[in-house]
Chemist: 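Take a look at the following structure, please.
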Amino acid sequence: MFLEIQNQIRTRFCQAVQAVFGLEVAEPSLGFPPNAELGEISITSCFELAKQLRQAPRKIAEQILPKLLPIDGVDRVAIAGGGYVNFFLDRARLTKGLFRLRSGLAAKPAESTPVKAGKILVEHTSINPNKAAHIGHLRNAVLGDTFARLLKFRGHPVEIQNYIDNTGVQVADVVVGFARLENKGPEAVRSLVRDTSTRFDYYCWDLYARVFQRYETDPDLAAFRSTALKAIEEDKGDLAELAEIVSSEISRIHLETMLRINVRYQLLVQESEILRLNFWKSAFELMKEKGAIRLEESGKNKGCWVMALPSPEGKNGDPDTPNDNEEDVKVIVRSNGTVTYVGKDIAYHLWKFGLLGRDFGYKPFYRYADGQTVWRTALEGDPDPPTFGNANEAFAVIDTRQSYVQDVVREALRALGYTAQSDRLHHFAYEVVGLSPRCAQELSLELSAKDQERSYIEVSGRRGLGIKADDLIDRLIEKALQEVQAREPSSDVQERQASARMIAVSALRYFLVKYTRRTIIAFDFKDALAFEGETGPYLQYTAVRAMNIFHKFNEIHSNFEPRRLLEAVNATQLLSSLTGEGGDDFWDLVLLAAQLEMVVDQSIAAEEPAILAKYSFRFAQAFNNFYHHHRILQEPSLTRQQFLLVIVHLALRTLEQALALMGIEIPARM
RNA sequence: GCGCCUGUAGCUCAGUUGGAUAGAGCGGCAGACUUCGAAUCUGUAGGUCGGGGGUUCGAGUCCCUCCAGGCGCGCCA
């Protein structure tokens with residue numbers, strides 16, 4: 001709706017400038033006037049054209065003006081201030097069209113859905129499978145999941161992957177713990193997994209921290225770590241078996257933790273398969289063949305295969321510093337012949353784009369209650385799995401500290417000649433979640449004087465310092481349940497629990513998505529447990545209010561159908577309600593509702609789910625304001641009431657959509 | 001040393017590719033429940049947008065510089 005009008009305005013403006021001045025101009029960017037009295041869409045290009053045309057901006061606007069209309073959905077156009085060109089939309093028409101769109105009565109306009117260029121792959125979560133997930137992992141998962149939902153909403157085919165580093169040191173550390181600190185073999189650990197009285201992921205959380213303490217005092221144990229790592233990589237013996245048990249079980253638990261907050265996956269890609277299916281070998285051959293890497297024959301990297309990185313910028317003549325003799329290089333293969341982490345990541349990303357000429361085997365790993373299967377890579381897979389990979393574009397949700405490594409991966413693709421794919425590989429970088437000093441103290445952590453002055457304390461799995469995801473979710477549900485019980489003590493237990501879960505999830509997800517990616521979140525229970533103000537529950541409550549109006553109305557008018565509301569409101573009534581006394585308030589709400597698709601596009605383009613979150617909140621505020629000013633069920637005029645119900649329905653459907661995009665469900669009652 | 005990021009109200013943060021009067025939540029103060037439930041709404045106080053220069057019709061936004069803070073820069077993952 002809104003997008004189509006914007007597109008038309010842009011092209012029409014170009015045509016008008018061409019017709020009047022014979023000038024080719026780029027499509028103008030559109031702005032929004034500060035209030036509805038000035039219109040809904042503005043163009044500021046006349047200011048820029050002023051210099052080129054040597055005329056006053058306002059004069060330019062005056063000449064173009066007659067050529068701008070008619071445009072479908074635009075009522076009139078006017079000049080304001082020194083040369084703003086402002087468009088006024090046809091309120092009744094837009095409202096009607098939007099109502100039909102949101103009610104599913106009209107198909108989505110073709111122009112508004114982007115061309116399907118191919119599959120978009122979103123990799124997120126990617127937690128080391130050696131211990132329970134913590135809040136930082138939740139931020140990753142929520143960002144990735146929300147972003148994937150945005151892409152799907154705009155018509156892109158999306159594949160969600162979760163990378164499992166099951167052969168790395170982190171798993172090895174826990175294996176060391178079981179083998180040496182606890183003298184447990186595969187059988188003992190298996191029975192620990194089966195033991196329902198202890199949480200395996202929590203057990204590993206503590207064990208991992210204990211192992212790290214021991215490393216500091218016990219050099220033998222530190223040496224054993226390398227032994228374990230080697231055994232795991234080579235898939236030999238009890239240690240490898242232990243690693244397999246640990247990583248599989250922890251992966252499964254992570255899936256269930258994430259499922260609690262409505263996050264799902266399609267494929268788990270394991271590092272073990274990247275190693276054992278010789279993915280790296282293929283990538284290595286490719287890189288050698290294309291000259292992307294070279295063997296160092298001298299210097300500190302002697303015997304390593306390295307990749308040269310383009311130096312940031314040639315230094316301008318400083319005679320004292322020796323001129324960049326040491327170029328920036330990154331070791332890809334160690335002198336002992338083993339591949340580094342980056343090398344494996346390069347192989348993985350080549351596969352993502354279908355550039356490796358190899359594929360994994362796949363086996364079902366997990367089944368959600370609705371029957372959807374999560375697949376996992378395997379040496380020998382099922383005969384007929386779904387197709388994975390072969391993406392046109394890929395997003396990797398990874399925290400900002402790994403920016404350098406991600407740059408190297410992109411650079412490798414470029415060095416191999418895959419510049420287009422390199423450009424379509426996006427590092428979706430976000431800042432970490434730390435603990436506020438107060439929160440750290442609540443967890444009875446000792447803080448140095450310097451720590452107390454900092455705005456946040458870094459979490460550390462090695463020290464067992466952090467907040468486990470499931471603990472936080474449990475705490476949120478508990479608090480939500482208290483709130484629910486305080487409000488509707490009569491409703492049944494199951495519904496109360498279901499509501500509490502939805503409310504807790506929405507509080508958590510909104511909390512994690514409302515901050516922009518580059519903001520460090522200093523986690524604090526007070527903020528995260530808040531249900532008032534700019535929070536998920538506020539948004540849910542808004543939707544519940546709107547639904548209540550229909551519930552009540554339905555009690556009086558038994559065969560009432562919201563979708564048919566518009567039939568009772570004729571065009572002139574619609575127009576006069578939207579433009580007459582107090583009409584601007586309704587119109588502001590409708591206009592905001594019409595911008596959902598535009599906001600989603602902005603969110604995608606900026607890779608910033610917070611844009612949608614902020615929009616949803618603003619929209620909920622606008623609706624609550626409307627709600628407060630109109631007693632809809634008491635409205636004496638029938639036609640007026642019908643009109644108000646049209647607005648409510650429109651707003652509700654828009655809000656439902658926005659919340660669904662953030663993975664937030666709406667309880668029946670609150 | 002090199003690279004990246006951040007600095008906006010008491011606190012936590014928004015601020016669309018440079019646009020019209022710099023916003024929100026929390027906290028403070030003052031108000032609004034005869035139920036479409038107040039998990040709400042209204043009003044109010046609070047700002048040298050880190051400092052300085054520049055670009056232009058116009059700068060919180062772009063450029064330079066300085067200050068303060070964070071992160072990264074391994075044959076670790």
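Per chain, numbering begins at 1; letters A, B, ... match sequence-line order. It should be emphasised that the depicted structure is a prediction, and the values quoted were computed from it without experimental measurement.
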Chemist: Check every strand shown and say whether Q540(A) touches a base, only sugar-phosphate, or nothing at a heavy-atom separation below 4.0 Å.
Modeler: nothing

Chemist: In the strands shown, is G25(B) matched to any nucleotide by a Watson-Crick or G-U wobble pair with both distances under 3.5 Å, and which?
Modeler: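 Partner of G25(B): C11(B).
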
Chemist: Do T340(A) side-chain and C75(B) base share a donor-acceptor contact under 3.5 Å?
Modeler: no

Chemist: If you measure only the distance, is there a donor-acceptor pair under 3.5 Å linking the side chains of S272(A) and N166(A)?
Modeler: yes

Chemist: Which one, C41(B), A39(B), A38(B), comes nearest to the side chain of Y627(A)?
Modeler: A38(B)

Chemist: For U40(B), give the paired nucleotide (Watson-Crick: N1-N3 plus N6-O4 or O6-N4; G-U: N1-O2 and O6-N3; both under 3.5 Å), or none.
Modeler: A32(B)

Chemist: If you take atom types as modelled and just measure distance, does the side chain of R618(A) reach the base of A24(B) with a donor-acceptor pair under 3.5 Å?
Modeler: no

Chemist: Taking CG from N548(A) and C1' from A39(B), how many angstroms apart are they, rounded to a whole number?
Modeler: 13 Å

Chemist: Please report, rounded to the nearest Å, how far the C1' atom of U16(B) is from the CD1 atom of I43(A).
Modeler: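 Spelled out: CD1 on I43(A) to C1' on U16(B) is 16 Å.
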
Chemist: Can you figure out which of U40(B), A20(B), G25(B) approaches the side chain of E534(A) most closely?
Modeler: G25(B)

Chemist: Less than 4.0 angstrom between a side-chain N/O of R545(A) and OP1 or OP2 of A38(B), yes or no?
Modeler: yes

Chemist: So which nucleotide from C75(B), A77(B), G19(B) ends up closest to the side chain of C304(A)?
Modeler: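 Of all the options, the side chain of C304(A) is nearest to C75(B).
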
Chemist: Side chains of N7(A) and R10(A): do they bring a donor and an acceptor to under 3.5 Å?
Modeler: yes

Chemist: Suppose we define a pair by two distances each less than 3.5 Å, Watson-Crick or G-U wobble; what does U55(B) pair with here?
Modeler: none

Chemist: Starting the side chain at C-beta, find the nucleotide from U40(B), C57(B), A77(B) nearest to N624(A).
Modeler: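 Selected nucleotide: U40(B).
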
Chemist: Can you find a donor-acceptor pair, distance only, under 3.5 Å between D345(A) side chain and A77(B) base?
Modeler: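 By the distance-only test, no, there is no pair.
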
Chemist: For a quick check of understanding: with a heavy-atom distance under 4.0 Å over all strands, which category does K479(A) fall into, base, sugar-phosphate or nothing?
Modeler: nothing

Chemist: By centroid distance (under 5.5 Å) and plane angle (under 30°), are Y84(A) and A20(B) in a stacked arrangement?
Modeler: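 Y84(A) ring centre within cut-off of A20(B) base, planes near parallel; stacks.
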
Chemist: Run the salt-bridge test on R501(A) and E665(A) with the 4.0 Å N-O cut-off and return the result as yes or no.
Modeler: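 E665(A) and R501(A): salt-bridged.
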
Chemist: Map A80(A) and E608(A) onto RNA chain B by nearest heavy atom, then report which one ends up closer to the 5' terminus.
Modeler: E608(A)

Chemist: Please give the nucleotide sitting opposite C2(B) as a Watson-Crick or G-U wobble pair, both distances under 3.5 Å, or none.
Modeler: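 Check on C2(B): paired to G72(B), both distances under 3.5 Å.
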
Chemist: Going by atom types only, do Y348(A) and E271(A) share a side-chain donor-acceptor pair under 3.5 Å?
Modeler: no

Chemist: Rounded to whole Å, how long is the line connecting atom CZ of R401(A) with atom P of C71(B)?
Modeler: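 The answer, rounded to whole Å, is 9 Å.
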
Chemist: What does R631(A) touch in the nucleic acid at a heavy-atom separation under 4.0 angstrom: a base, only the sugar-phosphate, or nothing?
Modeler: base

Chemist: Counting heavy atoms from C-beta on, name the nucleotide in G72(B), C13(B), A20(B) closest to the side chain of Y404(A).
Modeler: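 The answer is G72(B).
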
Chemist: So what does V405(A) hit on the nucleic acid, given a heavy-atom distance under 4.0 Å: a base, only sugar-phosphate, or nothing?
Modeler: base

Chemist: Nearest-Å distance, CD (E458(A)) to C1' (C71(B))?
Modeler: 9 Å

Chemist: Report the distance from atom OH of Y456(A) to atom C1' of C11(B), rounded to the nearest whole Å.
Modeler: 18 Å

Chemist: Would the Y541(A) and Y538(A) ring centres measure less than 6.0 Å apart?
Modeler: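 Ring centres of Y538(A) and Y541(A) not closer than 6.0 Å.
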
Chemist: Side chain of V331(A): nearest nucleotide among C75(B), A39(B), G72(B)?
Modeler: C75(B)

Chemist: Whole Å only: how far is the CZ atom of F511(A) from the P atom of C26(B)?
Modeler: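 After rounding, the gap between these two atoms is 15 Å.
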
Chemist: So, E534(A) and K614(A), do they make that salt bridge, N to O below 4.0 Å?
Modeler: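 Looking at E534(A) and K614(A), the cut-off is met.
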
Chemist: Check the distance between A39(B)'s C1' and R669(A)'s CZ and give it to me in whole angstrom.
Modeler: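 Roughly 16 Å, once rounded to whole Å.
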
Chemist: Work out how far the P atom of U42(B) is from that of U17(B), and round it to whole angstrom.
Modeler: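 The answer is 28 Å between these two P atoms.
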
Chemist: Applying a 4.0 Å non-hydrogen cut-off, can you work out what I503(A) is touching in the nucleic acid: base, sugar-phosphate, or nothing?
Modeler: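 Base contact - I503(A) has a heavy atom under 4.0 Å of at least one base atom.
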
Chemist: Can you tell me if the side-chain N/O atoms of Y541(A) get under 4.0 Å from OP1 or OP2 in A38(B)?
Modeler: yes

Chemist: Provide, to the nearest angstrom, the distance between the NE2 atom belonging to H628(A) and the P atom belonging to U40(B).
Modeler: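 H628(A) atom NE2 is separated from U40(B) atom P by 12 Å.
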
Chemist: Pick base, sugar-phosphate or nothing for T519(A), based on heavy-atom distances below 4.0 Å to the nucleic acid.
Modeler: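 If one applies the 4.0 Å heavy-atom cut-off, T519(A) turns out to touch the sugar-phosphate alone, with no base involved.
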
Chemist: Name the nucleic acid region contacted by F32(A), choosing base, sugar-phosphate or nothing; use a 4.0 angstrom heavy-atom cut-off, strictly under.
Modeler: base

Chemist: Heavy atoms only, 4.0 Å cut-off, all strands: where does E431(A) land among base, sugar-phosphate and nothing?
Modeler: nothing

Chemist: Can you see whether Q402(A) engages Y341(A) through a side-chain donor-acceptor pair at a distance of less than 3.5 angstrom?
Modeler: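 Yes, Y341(A) and Q402(A) have a side-chain donor paired with an acceptor closer than 3.5 Å.
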
Chemist: Could you tell me the separation between the OG1 atom of T11(A) and the CD atom of Q6(A), rounded to the nearest 0.5 Å?
Modeler: 12.0 Å

Chemist: If each of K526(A) and N336(A) is mapped to the nucleotide of RNA chain B with the nearest heavy atom, which maps nearer the 5' terminus, i.e. the 5' end?
Modeler: K526(A)

